[in-house]
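Just the heavy atoms: all of them, side chains too, but no hydrogens, waters or symmetry mates, feed the values below. If you're wondering where the values come from, they're calculated on a predicted model, not measured in any experiment.
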Amino acid sequence: MLTTVQGQYRNGIIQLEELPPNLLEAQVIVTFFPKRMPTIQSHRPIGLAPDCGESLAQNFNDPLPTEILGVFNGEGT
C-alpha cells in the first residue's frame, strides 16, 4: 500500500511531519514541490474540456450525425 507523508527539505535533510503508520522500512520516491505553488489563473466547469475561451457550439445538444452513430454501434470504422 502506498503511503504519503508531507515534510520539508532543508540543507540536504528531509524532515517528515509525521511517521508513516506501521512502517519500519520501505523504498521511497521523493518529489520536490516549489516553496510557493503557482496560483490557478482561471477555473472551468467540471466535465468540460479546455476551450481556449470559446463557448460551446449552438448545436451542442443536437443528435449526432448518422455516420458517427454507426461507428458507435459497430457499423463502421
Side-chain angles (χ1 to χ4, degrees):
M1 175 171 69
L2 296 178
T3 302
T4 302
V5 178
Q6 287 187 315
Q8 296 290 321
Y9 171 82
R10 287 186 195 95
N11 302 320
I13 298 172
I14 296 174
Q15 183 176 3
L16 301 178
E17 292 181 7
E18 61 182 284
L19 292 177
N22 303 319
L23 193 60
L24 298 176
E25 184 177 316
Q27 291 184 329
V28 298
I29 297 173
V30 178
T31 303
F32 293 92
F33 291 95
K35 190 109 172 148
R36 177 184 268 178
M37 295 296 288
T39 58
I40 297 173
Q41 297 295 324
S42 63
H43 297 281
R44 63 180 171 88
I46 294 174
L48 292 178
D51 58 11
C52 301
E54 300 171 8
S55 59
L56 295 174
Q58 291 295 326
N59 63 349
F60 179 78
N61 290 317
D62 288 355
L64 292 172
T66 307
E67 59 273 9
I68 294 177
L69 287 175
V71 171
F72 283 125
N73 293 326
E75 299 168 3
T77 54

Note to self: Evaluate Glu18 against Gln6 for side-chain contact (heavy atoms from CB on, under 4.5 Å), listing each step before the verdict.
What the structure shows: CA-CA 8 Å; Glu18 61 182 284; Gln6 287 187 315; over 6 Å; no
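- Within a 6.0 Å sphere centred on CD of Gln15, heavy atoms belonging to other residues, nucleotides or ligands number 12 at most.
- To the nearest 0.5 Å, the span separating CG on Leu19 from OG1 on Thr3 amounts to 12.0 Å.
- Within a 6.0 Å sphere centred on CG of Leu16, other residues, nucleotides and ligands contribute more than 12 heavy atoms.
- Cluster membership check: Ile13 does not share its hydrophobic cluster with Tyr9, using side-chain heavy-atom separations under 4.5 Å among Ile, Leu, Val, Met, Phe, Trp and Tyr.
- No more than 12 heavy atoms of other residues, nucleotides or ligands sit less than 6.0 Å from atom CG of Asn22.
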